Structure formats: C-alpha cells, structure tokens
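To start, the structure under review is shown below, and the notes come after it.
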Amino acid sequence: MRARLALVEWLLATVDLQQSAGFALEWLARHCDVPRTVCFSVADGKRLMPTAEMGLGSLVSTDVPVYLDDQNHPLVVALRRAAPSRLNGLPPPLGAAFRRPIDAFPLRGHAAPDGTANGLLLADSIRPEYRADVHWAVGVLGEQMARLRSRDVLAETRFGRERLLLMGTLNAVTDPILLTDAEGRLIVANTVAERFFTAPDDASDGLRQAVALNNMLFSAALSSSALDSGGPSRRELVLVDASEGSDLLFELLSTPLRSGSDGTVIASVLRNVTDLGRATREIRDSYDRLRLAQAQVRDQGRRLDLIIDSVADPILVTDAAGDIALMNARAERLFAAQAGASSDVAARVHGNAARFSSFASGVLASGAQEVSRGEMTLVDPRTNVPMPVEAIAGAVLTRQGELIWIVTILHDRTESVERALLYEEVKRASLELEERVRVATRELAEQNETLRRQQLELEQASALKSQFLANMSHEFRTPLNAILGYTQILLQGISGTIAPGQRGNLASIDANARQMLSLVNEVLDLSRIEAGRMPISLTQVDVAELIESVMTELRPLIEQSNLAVTAEAAPGLPPIEADQQKARQILVNLLTNALKFTPRGSICVRARRLPQRPAVAVAVQDTGIGIPTGELKSIFEDFRQVDSSTSREHGGAGLGLSISRRLAEMMGADITVHSQVGKGSTFTVSFPLAGARS
Ligand code: ADP
C-alpha cells in the first residue's frame with residue numbers, strides 16, 4: 001500500500017510527461033519485478049513516440065516513430081484496443097529487445113474509457129502474482145497522461161497558461177496554500193495542501209479519516225478567525241500528518257477575499273511551526289526550571305543564613321586569598337566593629353582579626369587539608385575578657401580540587417579551660433586529702449595498737465586484781481570465821497563464865513566481824529562475776545516460797561527495826577526461772593537496804609504477775625529517806641553510795657546493788673527503781689516465767 005501511495009505521490013508531484021512515465025516504469029521494475037518496459041505517448045495526434053524505457057538499452061534516444069495512420073502496425077492496433085492485448089512479434093528494433101509474448105497496455109484516463117488512448121506501454125515476462133499490480137500501475141499512468149494532456153490543452157489558451165503558471169508557482173511553495181469558500185470547502189489547493197486535505201480514491205481508511213479530521217479542524221479554525229474579524233487573521237492550527245499519523249503545528253494566515261459572484265473566498269497559508277513551537281515550549285520550560293532553581297537557591301541561601309546565624313559558635317568563611325567573605329552573627333561580635341564603637345573595642349576587634357588571619361594563612365600554607373585544627377586566644381571586644389578558642393577549618397574544593405572557600409568554626413574553650421583548671425585543683429586537693437587520710441590512718445593504727453596493748457594490760461591487771469581479791473577474800477574469811485567461832489565460844493560461856501560488861505564487848509566484836517565477813521563475801525562475789533567464774537544454776541522457783549525464806553532470814557533485823565514490814569504474793573503466781581540462792585541474795589540485799597534507809601514507817605514486799613510480759617515482779621517498797629533523781633543511776637555502780645556518812649551509820653561498801661543487778665542480768669531478770677527523797681523508794685526485780693525463754 002505504501003508503495004502504491006509513493007507512486008501516486010510522485011505522479012501528483014510532477015507535470016512532466018517523461019518524468020511521469022519514467023517513475024511508472026521504475027516502479028514496475030522495482031515492485032512488480034518487470035524487467036523490460038517501454039512507454040509510448042501520442043504526439044501531435046499523429047504518431048507514437050517512445051517516452052521512457054526500462055531494461056532496453058538506448059532505445060528511447062532512438063527516434064522510432066510509429067504513425068497512427070499505419071493501421072496495421074501492431075502498436076497502432078494495440079493502441080486502439082479498449083483492453084490490454086498480447087503481441088507475438090514486433091518489427092525491429094523492438095522485436096529484438098523484448099521476449100515474446102509482449103503485453104501491450106493502452107494508456108487512457110478513466111474519464112474516456114473508450115476514447116483514444118494517450119499512449120501505450122509494452123512489457124514482457126510479467127509474473128502472474130504481480131499482474132494485478134501491473135494493471136493498477138498502468139491505470140494510474142493512464143490517468144496521469146490524461147491529466148497532463150488536459151493541462152496541455154488548457155495551456156493552449158492564455159488563461160489556461162496563466163493558471164498553470166500560477167498552480168506551478170503554488171506547487172513550488174513548500175507551505176500548504178488553500179483557497180476555500182466561507183464554509184471551508186476546498187476550491188484550490190497546492191500539492192502540499194492536497195496531502196493534508198484530499199484523499200485519493202484508493203486511499204486507506206486511516207488516511208481518509210486523517211484528511212476528514214484536518215478538514216474539520218481547518219473549517220473550525222476559519223470560522224472562528226477569518227470570518228469573525230473580517231480581515232486577515234493569524235492563529236495556530238494542529239493538523240494530522242496523514243502519511244505519518246503525527247500531529248503538526250501550523251500557523252494559519254487567513255485572508256478573506258471578496259469575489260463578486262462566488263461570495264467570500266478565503267486564502268489561507270499554513271506555516272509549519274511544529275519545530276518552532278516545540279523549541280518555544282522547551283525554552284519556556286527551561287526558563288521556568290531556571291526560575292524555580294533560582295528560587296530554590298534563594299530559599300536555600302536564606303535557610304543557610306538562618307542556620308549559620310543560629311549556631312552558637314562563631315563561623316567564618318574565607319576565600320582562597322585568606323580574606324573573610326562571610327561570617328555569622330556570633331563571629332561578627334568578635335571580628336566586626338559596630339558603627340560608633342570605641343577605639344578600644346576597635347583595637348580588640350583588629351587584634352582578633354589579626355590572630356584569625358594568621359590561623360587562616362597557616363591553613364592555606366598547609367595546603368588546605370580537608371580539616372585543620374588550631375587553638376588561639378581571642379578577646380571579647382566589649383568586655384576585654386580573654387576567650388580561648390579551638391578553630392576547626394574545612395576546605396571547600398571544586399571538582400578539580402581547586403580551593404574555593406575555607407569554612408572555620410571557632411569553639412569557645414573558656415569553660416573547658418576552666419574545667420581543666422578546676423580538675424587540676426580538685427586533683428591536687430584530693431591528693432592532699434589522700435595524704436592526710438593516710439597519715440591519720442597510720443596514726444589511728446598506732447593508737448589502736450597502743451589501745452590494744454593497753455587493753456591487754458588492763459585485762460591482765462583486772463584478772464590479777466580479781467585473782468588478788470579472790471585470794472585476799474579467802475585469806476580474810478579464814479581468820480574472820482575463826483574470830484566469829486571463838487567469840488561464840490566465849491559468849492556461850494563454854495570456856496568459862498564471862499562478866500556482863502565483857503558480854504557487851506564480845507557482842508560488839510561478833511557484830512563487827514559479821515559485817516566484815518559480809519563485806520568480804522561481797523568483794524568475793526564481785527571478783528567472781530568479773531572473772532566470769534560465778535556459777536549460775538537456773539531452776540523453777542516458787543516466788544511465794546522465795547519471799548518467805550527471805551523474810552525468815554531477816555526476821556531478827558525486822559524485829560530490831562520497829563517497822564511494819566509486810567510481804568504479800570498474789571495468789572496463783574506461776575513459777576519463775578532463776579537461781580534460787582542468787583534470787584534470794586538479791587531480795588535480801590533490797591530488803592536490807594530498805595530496813596537500813598527507813599527510819600520510820602513501813603516496808604512492803606509484793607509479788608505480782610506483769611501484764612505486759614511473761615514475768616513476775618517482786619517490789620520492795622519503803623517509806624524511807626529516798627534517793628535524789630540524779631543518783632538513781634549511779635547507785636548501781638561499784639562502791640557507789642548516795643551519802644558516805646550513812647555508810648558509817650549503816651555499814652555497807654556500796655557493792656550490794658551493783659552485785660544484785662549483775663546477778664539479775666545473769667538470770668535474765670532486771671532491777672528498776674522509783675524513789676522520791678523524803679517519801680521512800682521502790683526497788684523492783686522482774687524474773688522471767690519458767691519456760692518463757694524458749
Ligand atoms: P550499801 O552496802 O552501801 O548499802 P548498796 O549498793 O546496797 O550499798 O547501796 C548503795 C547505796 O544506795 C546506799 O549506800 C544508799 O545510799 C542507797 N540506797 C540503797 N537502798 C536504798 C533505800 N531503800 N533507800 C534509800 N537509799 C538506798
């Protein structure tokens with residue numbers, strides 16, 4: 001189909017007979033494999049002249065006229081036939097050039113199917129499969145010859161010639177040119193315009209549709225421009241390239257022409273601006289992109305400024321010559337003197353700039369490594385306070401490695417320097433402290449050692465003392481017992497009668513010896529307790545019996561005292577756990593003291609179960625002289641007495657309570673005292689109940 005279209009296009013594009021015939025024969029050779037052809041045309045209405053040939057050497061240049069009045073000439077016979085015919089022979093030179101049989105095709109337009117043909121085409125060796133194509137091509141060539149013949153006829157008149165000239169001129173223009181009526185119907189179109197707005201009879205559906213679309217678009221463009229304005233108009237129009245199917249952009253110049261009888265005629269010239277439009281669009285796009293990029297760069301620049309200014313550290317950008325090109329607000333305080341600043345401030349700013357410049361040139365001299373570091377001491381221009389900084393510089397290089405900028409960030413080291421100083425001080429103080437602690441520890445260790453030694457010595461001394469006391473007590477007891485024994489013998493009159501005055505003296509010896517024995521016993525007890533050699537034997541003890549035995553033991557003393565002494569135990573008291581003998585010793589001591597320190601009144605011994613804990617309390621309450629509050633604690637210490645004069649009156653060495661408390665503790669009991677001077681005292685011993693300890 002494309003091949004056929006090509007032939008039609010060629011033929012439409014030419015008004016030359018020879019060229020047309022040449023195209024057709026070449027097409028037959030190429031597309032239908034017809035090797036030898038010759039085309040004759042009728043000249044002057046008298047003869048057949050060869051117009052073009054293919055595969056026959058130089059036959060065309062040879063003038064071989066065949067006269068139409070030669071009625072028997074095979075070519076004339078074939079020319080006159082309505083349909084193609086087959087020739088079995090031809091006179092030389094054609095006869096020799098062709099293989100037989102030879103097909104002869106009369107060439108005539110469809111408008112004159114039976115009329116005289118305008119030419120004749122001879123061919124041999126046509127292959128059956130191409131026969132239809134050959135017939136088609138012959139038909140098209142016949143139409144072309146008829147068209148050209150009619151042009152020739154037309155050209156014979158002056159008007160015809162001029163019109164032809166005009167058409168030739170229009171066809172020579174590469175832009176589509178059209179003359180249409182007001183509705184857009186085509187009156188005249190040059191060859192290029194025909195490609196867009198007319199379809200040959202055998203055109204494909206696609207081509208027809210494209211042409212119909214173009215006509216529609218064109219009519220619409222005309223109706224909305226040329227007619228509205230009434231004068232020349234210019235607008236853009238998109239048409240479909242019918243052969244390629246692509247869209248083409250045209251500039252449509254339409255001018256309405258008034259032509260009396262035909263009404264309004266519109267002359268339109270279309271200029272293909274597809275490339276121009278595309279280029280314009282691209283330029284507009286590039287321009288838009290450029291504007292966008294510029295805006296982005298501006299935005300980024302603003303953002304960068306904001307970021308840089310918000311950084312707490314001073315930032316400076318220097319160029320390749322070492323000059324400061326840019327700095328943030330923090331850097332400006334150090335390196336830029338404000339308008340109206342004092343000369344001092346300006347001098348400090350200058351000093352800072354000089355120090356920084358020396359650092360920057362150092363970085364440049366070192367070949368601007370990726371990152372360089374340095375330290376310098378600047379001053380705060382307003383306060384003149386020194387400001388040690390660490391400078392970190394980074395080089396910004398081009399792709400070729402060429403230095404463009406050096407970006408330097410200054411980090412204030414004041415705090416870290418102060419911290420380092422503080423750290424040193426703390427370290428020194430800590431070392432001093434360590435040394436002091438070491439010395440103190442050594443001294444303490446020495447003191448500990450001394451104390452340990454002293455304690456050892458004391459323990460030894462105490463053991464010796466206890467040993468000495470135990471020995472001495474023993475040594476005292478033996479002669480004392482002897483004194484008591486002999487005194488009793490004398491008093492009982494075993495060794496003879498004694499005078500009444502002597503009896504009184506002997507009784508005095510006996511009393512003093514007994515007091516001394518009790519004193520020695522107390523010292524012996526104390527030394528045993530201290531030496532940890534006081535034996536304790538815990539058993540179940542009945543409290544009522546215990547009190548009874550104490551009262552019995554002290555009966556003589558009670559009777560001498562003239563005091564009302566009573567003892568009462570609450571009924572059903574549970575047994576206590578105690579060393580019977582030691583418990584009695586404690587109660588004897590308490591009751592003896594009560595008797596000693598109660599000049600008048602009464603003494604009451606009471607036993608009761610304690611409600612708060614599993615114990616039985618035995619209280620010895622008197623109406624005696626009482627004990628000052630300040631002395632209540634000390635009376636339990638060794639050898640302590642409230643008033644030493646009373647000891648002379650009542651005897652005693654101040655050991656009774658001390659021994660009693662120690663014995664009570666050894667049995668799990670305790671002693672408490674309540675007293676009021678002049679009113680009396682109450683000593684209470686609390687014994688644990690039997691079995692309460694487990
Ligand atoms: P002493 O052998 O001197 O009585 P104690 O140790 O038994 O030694 O008593 C110490 C001191 O406590 C006594 O000297 C006395 O001053 C005081 N004391 C003890 N019991 C009583 C009491 N019931 N009333 C007043 N004072 C007392």
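Atoms within a ligand are numbered from 1 in the order they appear, just like the ligands themselves. Numbers for residues simply follow the sequence, beginning at 1. Every value quoted in this text rests on a predicted model; they were computed, and no experiment measured them.
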Discussion item. Could you check whether any heavy atom of Ser681 sits closer than 4.0 Å to an atom of ligand 1, since that is the contact criterion I want to use?
Written reply: yes
Atoms of ligand 1 close to [X] [distance to a heavy atom under 4.0 angstrom, numbered from 1]:
X	result
Asp622	22 (C), 23 (N)
Ala594	23 (N)
Leu655	6 (O), 8 (O)

Worksheet item: Counting N and O atoms only, with roles assigned by atom type, does the side chain of Asn328 sit under 3.5 Å from a partner on the main chain of Ile315, one being a donor and the other an acceptor?
Response: yes
Worksheet item: Regarding Glu459 and Gln455, is there a side-chain donor-to-acceptor distance under 3.5 Å anywhere?
Response: yes
Worksheet item: Under 3.5 Å, is there a donor-acceptor pair between the Asp344 and Ser342 side chains?
Response: no
Item to complete: Determine, for Asp670 against Arg613, whether the closest basic-nitrogen to carboxylate-oxygen distance falls under 4.0 angstrom.
Response: yes
Fill in: Electrostatic pair Glu665-Arg662, nearest N-O below 4.0 angstrom
no
Worksheet item: For ligand 1, is any non-hydrogen atom under 4.0 Å from Ile627's backbone (N, CA, C, O), its side chain (CB onward), both, or neither?
Response: side chain
Ligand 1 and [X], any nitrogen or oxygen pair closer than 3.5 angstrom?
X	value
Lys596	yes
Ile635	no
Gly656	yes

Worksheet item: Which of these, Asn593, Leu591, Ile625, has its nearest heavy atom closest to atom 9 (O) of ligand 1?
Response: Asn593
Worksheet item: Gln621: what forms a side chain to side chain contact (heavy atoms under 4.5 Å, CB included) with it, not counting sequence neighbours?
Response: Arg606, Thr682
Worksheet item: Any ring-ring contact (aromatic ring centres under 6.0 Å, His included) pairs touching residues 321-343, not counting sequence neighbours?
Response: Phe335-Phe356
